[in-house]
Amino acid sequence: MALEMKVPSPGESITEVEIAQWLVETGDYVEKDQAIAEVDSDKATLELPAEASGIITLMAEEGDAVAVGQVVCHIDTDAAKPEGEVSTPAPVAEAPKAEEKKPAPVAPAKTETYASGTASPAAKKVLAEKGIDASQVTGTGRDGRITKADAMDAKPSLGTPGLGGRGESRKKLSMLRRKVAERLVSVKNETAMLTTFNEVDMQPIFDLRSQYKETFKSKHGVSLGFMSFFTLACVRALQLYPAVNSMIEGKEMISYDFQDISIAVSGPKGLMVPVIRNAENLSFRGVETEVKRLAIRAREGQITVDEMTGGTFTITNGGVFGSMLSTPIINPPQSAILGMHNIVERPIVRDGQIVVAPIMYVALSYDHRIIDGKESVGFLVAVKEALENPEELLMDTNVTKALEL
């Protein structure tokens with residue numbers, strides 16, 4: 001019996017996927033639930049498991065866009081699992097005796113004719129328009145004549161090449177990457193995006209982490225990182241400035257009384273943005289545990305569409321790659337995104353004295369259609385205040401209770 005395997009729906013509103021890579025070939029025997037392909041949707045890369053055991057016949061090529069519900073392969077469920085075959089070594093040919101060896105034939109030298117390197121009238125016109133000398137073009141026509149096609153393909157010389165390679169390669173963009181590109185362009189074109197900046201003295205957080213990180217990790221099994229401080233600082237600021245926790249839908253502005261924080265994670269297929277749900281109800285331990293779980297799933301390609309859907313605000317950390325300052329692009333349909341950057345020791349004034357402190361520049365990109373300058377600047381200042389005074393504003397002056405130690 002031939003089982004038709006159809007593309008399952010990877011999530012709401014997704015109507016087609018792309019075959020990113022077949023993990024098996026036609027004629028292979030596959031086991032039930034074995035991953036047979038990777039498919040790209042416009043939101044994530046997912047594995048396609050075999051629905052039954054049997055011999056598979058592929059019905060779609062890598063790179064094909066296939067509709068949800070379309071048949072992509074057949075599985076012959078009546079086929080028996082083939083037994084392992086032992087290959088028989090090929091017989092070794094006996095070496096010829098010395099006296100039997102014959103000299104290898106020598107290819108005749110290529111002869112030049114009057115037509116070699118001569119451009120046809122049409123080719124001459126094309127080369128003249130490009131400003132290319134016929135001596136720079138290799139003819140593929142009869143007797144080496146330069147054809148119009150040769151002239152059309154010819155490129156002007158960029159100078160004498162060096163000893164290095166000058167190759168190039170082409171690779172089709174995945175559906176996920178193409179969709180990301182479309183969304184980024186649409187954000188730039190369809191929103192009134194603006195960015196405001198500030199700087200944060202990270203010394204208080206450095207001091208807390210230095211004092212409590214070992215105890216925190218030994219008790220909870222996760223590190224006390226920067227993301228929990230930034231996430232909870234953003235939750236507090238979103239509650240103070242609810243317009244930043246809003247989005248436009250048609251002619252309406254939707255505001256939320258919860259904070260679902262999207263975190264940008266670099267995965268094997270590109271940037272993934274999983275969501276920490278109801279971050280306002282999480283402790284430092286809860287945030288760090290969720291960040292670790294989502295980051296691992298994203299990097300292992302296991303993240304689901306549902307885990308990346310929604311979110312009312314995004315945090316992205318370009319600092320892990322060494323970025324000093326950037327203007328992050330809003331993650332639609334959200335209205336704002338916070339950019340973290342690298343931490344560098346810089347001279348600042350503290351209590352009237354010039355001191356060296358670990359400073360991070362932060363950036364807030366926002367949609368000016370619904371977020372005014374007062375709200376955007378106020379939000380970023382609130383984030384700065386919480387990060388520079390975490391014991392009072394994020395821990396209610398009780399560090400051990402806040403860290404559940």
- Query: Where do Phe258 and Asn278 come nearest, in terms of heavy atoms and distance?
  - Reply: CB-ND2, 3.7 Å
- Count the heavy atoms of every other residue, nucleotide or ligand shown that sit under 6.0 Å from CD of Glu214, and state whether that count exceeds 12. no
- Between NZ on residue Lys213 and CG on residue Leu224, distance to nearest 0.5 Å: 9.5 Å
- Over 12 foreign heavy atoms within 6.0 Å of CD, Glu129: yes
- Task: Can you measure from CG (Asn331) to OG (Ser365) and round to the nearest 0.5 angstrom?
- Result: 12.0 Å
- Min side-chain heavy-atom separation Phe226-Asn317 under 4.5 Å: no
- Item | Note: Lys374-Asp372 ion pair, threshold 4.0 Å (strictly below) | no
- Query: Which heavy-atom pair separates Gly225 from Glu288 by the least distance, and what is that distance?
  - Reply: N-OE2, 2.9 Å
- Between CD on residue Glu51 and CD1 on residue Ile36, distance to nearest 0.5 Å: 8.0 Å
- Message: To check you understand the geometry: which heavy-atom pair defines the closest contact between Ile303 and Ala298, and what is its length?
- Response: CB-CA, 4.1 Å
- Item | Close side-chain approach of Glu385 and Asn389, heavy atoms under 4.5 Å | no
- Donor-acceptor side-chain pairing of Thr26 and Thr57 below 3.5 angstrom: no
- Task: Using a 4.5 Å cut-off on heavy atoms from C-beta on, say whether the side chain of Leu48 contacts that of Met5.
- Result: yes
- Message: Is the shortest side-chain heavy-atom distance between Phe229 and Arg209 below 4.5 Å?
- Response: yes
- Check against side chain to side chain contact (heavy atoms under 4.5 Å, CB included), Arg297 and Thr304: CA-CA 9 Å; Arg297 287 179 60 78; Thr304 65; 3.7 Å; yes
- Task: For the residue pair Phe313 and Phe379, categorise the inter-ring angle as parallel (less than 30°), tilted (30 to 60°) or perpendicular (more than 60°).
- Result: tilted
- Query: Are Asp207 and Gln203 close enough that a side-chain donor and a side-chain acceptor fall under 3.5 Å?
  - Reply: yes
- Query: Where is the tightest heavy-atom contact between Leu403 and His220, given as atom of each residue plus distance?
  - Reply: O-NE2, 2.9 Å
- Message: Between Asp150 and Thr147, do the side chains contain a donor N or O and an acceptor N or O under 3.5 Å apart?
- Response: yes
- Item | pair Met340-Met227: side-chain heavy atoms closer than 4.5 Å | yes
- Item | Which atom of Ser283 lies closest to which atom of Ala402, heavy atoms considered | CB-O, 4.4 Å
- Message: Nearest 0.5 angstrom please: Asn342 CG to Met360 CE, how far?
- Response: 8.0 Å
- dist Glu375:CD -> Thr196:OG1 (nearest 0.5 Å) comes out at 13.0 Å
- Item | Non-hydrogen atoms of Ala382 and Tyr241 that approach each other most closely | CB-CE1, 4.2 Å
- Beyond-backbone contact of Ile19 with Val39, side-chain heavy atoms, under 4.5 angstrom: yes
- Of Val235, Leu238, Ile371, Asp257, which is the lone residue that meets side-chain contact (heavy atoms from CB on, under 4.5 Å) with Asn245? Leu238
- Query: Would Arg277 and Glu290 pass as an ion pair if we require N to O under 4.0 Å?
  - Reply: no
- Close side-chain approach of Thr289 to Arg293, heavy-atom, < 4.5 Å: no
- Query: Do Val362 and Phe230 come within less than 4.5 Å of each other through their side chains, counting heavy atoms only?
  - Reply: yes
- Heavy-atom neighbours of Lys292 NZ exceed 12 at 6.0 Å: no
- Message: Using 0.5 Å steps for rounding, measure from the CE atom of Met247 to the CD1 atom of Ile370.
- Response: 8.0 Å
- Query: Does a donor on one side chain sit under 3.5 Å from an acceptor on the other, for Asp133 and Ser135?
  - Reply: yes
